[in-house]
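All remarks here apply to the structure that follows.
The chains referred to below are lettered A, B, ... by the order of the sequence lines, with proteins before strands, and numbering in each begins at 1.
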2 protein chains.
Amino acid sequence: MVTIKDVARVAGVSTATVSRVVHNGGQVGEACRHRVKKVIEELGYRPNVNARALVNNSSNTIGVVTPKLSMTFFGCLASGAEKAARKKGLKLLMSNSLYETKTELDAIESLREHSCNAIILHSEYSDEKTIKKLAENIPGLVLINRYIPALASRCVWLDNLSGGRQVAEYLISRGHTSFAVVTSVYRNHDPQLRLKGVVEVLDAAGLKLDPANVVESTANMEGGAEAVSRLLASGAKFTALIAYNDLMAIGAMNALQDAGLRVPDDVSVVGFDDLYISKACRPHLTTMAYPIEEMAEYAANLAITLSKTPQEPISNTHLFLPTLVERDSVRDISKS
Amino acid sequence: MVTIKDVARVAGVSTATVSRVVHNGGQVGEACRHRVKKVIEELGYRPNVNARALVNNSSNTIGVVTPKLSMTFFGCLASGAEKAARKKGLKLLMSNSLYETKTELDAIESLREHSCNAIILHSEYSDEKTIKKLAENIPGLVLINRYIPALASRCVWLDNLSGGRQVAEYLISRGHTSFAVVTSVYRNHDPQLRLKGVVEVLDAAGLKLDPANVVESTANMEGGAEAVSRLLASGAKFTALIAYNDLMAIGAMNALQDAGLRVPDDVSVVGFDDLYISKACRPHLTTMAYPIEEMAEYAANLAITLSKTPQEPISNTHLFLPTLVERDSVRDISKS
DNA sequence: CTGTTAGCGCTTTCAT
DNA sequence: ATGAAAGCGCTAACAG
């Protein structure tokens, strides 16, 4: 391994000078700088990251904590963060929290031990107090997909309320008047907000959402299917079904179709996220696009910035909007 | 930050002793060890990873290089590796290679600079010579999903030939005699091997695979659909379609159905991988399960072992077998 | 069994 | 503009 000493020796300068050249410090003579650069090139010198990390107490990595990397949504999140990291010459340190507070906290602590000053956290289960305390000690901690007012300027999140509203508005514009909602049991606020958006719009339109038509289950295909079978068993009537996310929507469509109902002819279905999978099902799913990859890239940049220059908790936050992607799972019944 | 010196001072011992205690070295008196442990506890001392990495020239991380983390298959790979890493108290360093040799090489070099001694590489595009050279310099480099004879003991791979054979045997057992294959343009050997397995079995059964019925495209839904439209346009006849992977299979099913063909009534379809998505499409996809998560966990452990005790290139390798998962996309026409 | 000490490779004052 | 030198926190001989 070629070290800074080797370069210094060969170039006939001190290690301090080499260090200055490497860092593009202005305090080096032109001739000297040129010579050192050439030697660095010739010897193929690369600074040792660990030595740097030790001195600077910062490791050129950005940490990402998500529940489960094998889920497409989190894979996309990680990819977005990785893109930002690569552009800045940093590397990604990944941890699964497995939906558990303890694992999540362990992961963060471990990340800090690795001198990872910028951290992106997707936390669904830890309570606000815990997170706030964490945030106090880690200037480069950024939350993604979660909004905590006291940490507003460090939250990169989605306008779920608007998402719910858009879905409802769209469905109404397509002539639908009777709805069912398949929502998630997550303890975070996303499902509630999306539902709230739906209800607001329905209310404003003088439409009613029967509470019996709102069913909770786990946020995956199995949960979506299970929710629909309960809905069907209860004899609920509806022409449009709003699902918490794509996975639930697809599970719901499967259950609907298994029950002999046609989508969208008998029931229209709308999802949320716009995962790749929404083009796999039949009919292709109409859904709200969640720009998670872009948001993660943004969050990574924010985390890096904050880790370098901790700011006063200013009041602006970082809000993204979901957008509707029309495919084939919604029927226009306004003209029939 | 509390350092080893703080602990030493408070416990009234030298840093060396603390270090010994931390490492559970046997050379410490019971009373002393106990006292030190208590102080460590009280002060909340955690060894500095970077200082360690600098001294040992090894950072408690394991590197993973895959083409694109946002694809489910690679997300699962990463999750498997992360599981193994977590069990050993290590962290995951992730890089996307974006299907480019240059990015891939950069990623590996960068990983090495981070003193990442164990590396899992999923490489499709780099040539064998490049990889062999890399492997010479990195004892802890393990290849996943690629077999290079000279590196046999460091390859964790799947028996694609067997996969192809199993698919063909299954289809034949269901009465199929006319086939089409939708394969991938990947430059690695997987598609060729799977195809070879299919052909071998068909040959042995006295069945013929018309070369015109073998179509290449990109390994995603779009590619699968595109391949099928070419197939259909050429007037090819077949009752069973074998796809390179689940994504192509689903794209193919979509194209088939769009052309008015029913799956599996008119055409049976088999995929490969058994991604979560294969339960999203209708009909649910019959496919070969690729135990990628398990393989990645295995690969991670292997990489860690090798990085510690580099071994002679022994002749045994690490081969996994795909298994058939029957769902609804294949029709049994043997009794009709 | 325990302490002393010399680094690991790099950054950063402080001199010159 | 450049160099000397003091660490960053930890480990691993080497003494005792």
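- Taking every side-chain heavy atom of A:S14 into account, D:dG3 is the closest of C:dG3, D:dC10, D:dG3.
- Closest non-hydrogen pair, A:M295 versus A:L158, comes out as CE-N, 3.8 Å.
- Counting non-hydrogen atoms of neighbouring residues, nucleotides and ligands closer than 6.0 angstrom, the NE2 atom of B:H34 reaches no more than 12 such neighbours.
- Here the C1' atom of nucleotide D:dA1 and the NE2 atom of A:H23 are 18 Å apart, to the nearest Å.
- Residue A:K5 is the one, among A:S19 and A:K5, whose nearest nucleotide of DNA chain C lies closer to the 5' end (criterion: closest heavy atom).
- Taking atom CZ of A:R46 as the reference point, atom C1' of C:dC8 lies 19 Å away to the nearest angstrom.
- At least one side-chain nitrogen or oxygen of B:T17 sits closer than 4.0 Å to the OP1 or OP2 atom of C:dG3.
- Taking only side-chain atoms of B:R52, from C-beta outward, the nucleotide of D:dC10, D:dG9, C:dC10 with the closest atom is D:dC10.
- Closest contact between the side chain of A:P47 and the listed nucleotides C:dG3, D:dC10, C:dC10 involves C:dC10.
- A salt bridge is absent between A:K83 and A:E293: the closest approach of a Lys/Arg side-chain nitrogen to an acidic carboxylate oxygen does not fall below 4.0 angstrom.
- A ring-centre distance under 6.0 Å is found for A:F320 and A:Y298.
- Whole-Å rounding puts the B:M1 CE to D:dC10 C1' distance at 11 Å.
- Computed from coordinates, the B:N50 CG to D:dC10 C1' distance equals 11 Å when rounded to whole Å.
- Taking the side chain of B:V28 as heavy atoms from C-beta on, and the options C:dT2, D:dT2, C:dG9, the nearest nucleotide is C:dT2.
- Residue contacts shown for B:V22 are absent, as no nucleic acid heavy atom lies under 4.0 Å away.
- Of all heavy-atom pairs between B:P67 and B:S97, the closest is CA-OG, 3.2 Å.
- In terms of position along DNA chain C, the nucleotide closest to B:A16 lies nearer the 5' end than the nucleotide closest to the other residue of the pair A:I4 and B:A16.
- Under the 3.5 Å distance criterion, with hydrogens and angles disregarded, a donor-acceptor pair is assigned to the side chains of A:T130 and A:D127.
- Side-chain proximity of A:N56 to C:dC10, C:dT11, D:dT11: nearest is C:dT11.
- We find that CG of B:L54 is positioned 13 Å from C1' of C:dT11, with the value rounded to whole Å.
- By the 30° and 60° cut-offs, the orientation of the rings of A:Y147 relative to A:W157 is parallel.
- Listed candidates were C:dC10, C:dG7, C:dT2. Nearest to the side chain of A:T3 is C:dC10.
- A:H114 has its NE2 atom 15 Å from the C1' atom of D:dG9, to the nearest Å.
- Rounded to an integer number of Å, the gap from A:R20 CZ to C:dT11 P is 12 Å.
- Atoms CZ (A:R9) and P (C:dC10) sit 13 Å apart, rounded to a whole Å.
- Ionic pairing of B:K91 and B:E82 is not present here: no N-O contact between side-chain nitrogen and carboxylate oxygen is shorter than 4.0 angstrom.
- Nucleic acid contact class of B:V18 (heavy atoms, under 4.0 Å, all strands): none.
- Overall bending of the helix from C:dC1-D:dG16 to C:dT16-D:dA1, expressed as the angle between end axes built from five pairs apiece, is 40° (10° steps).
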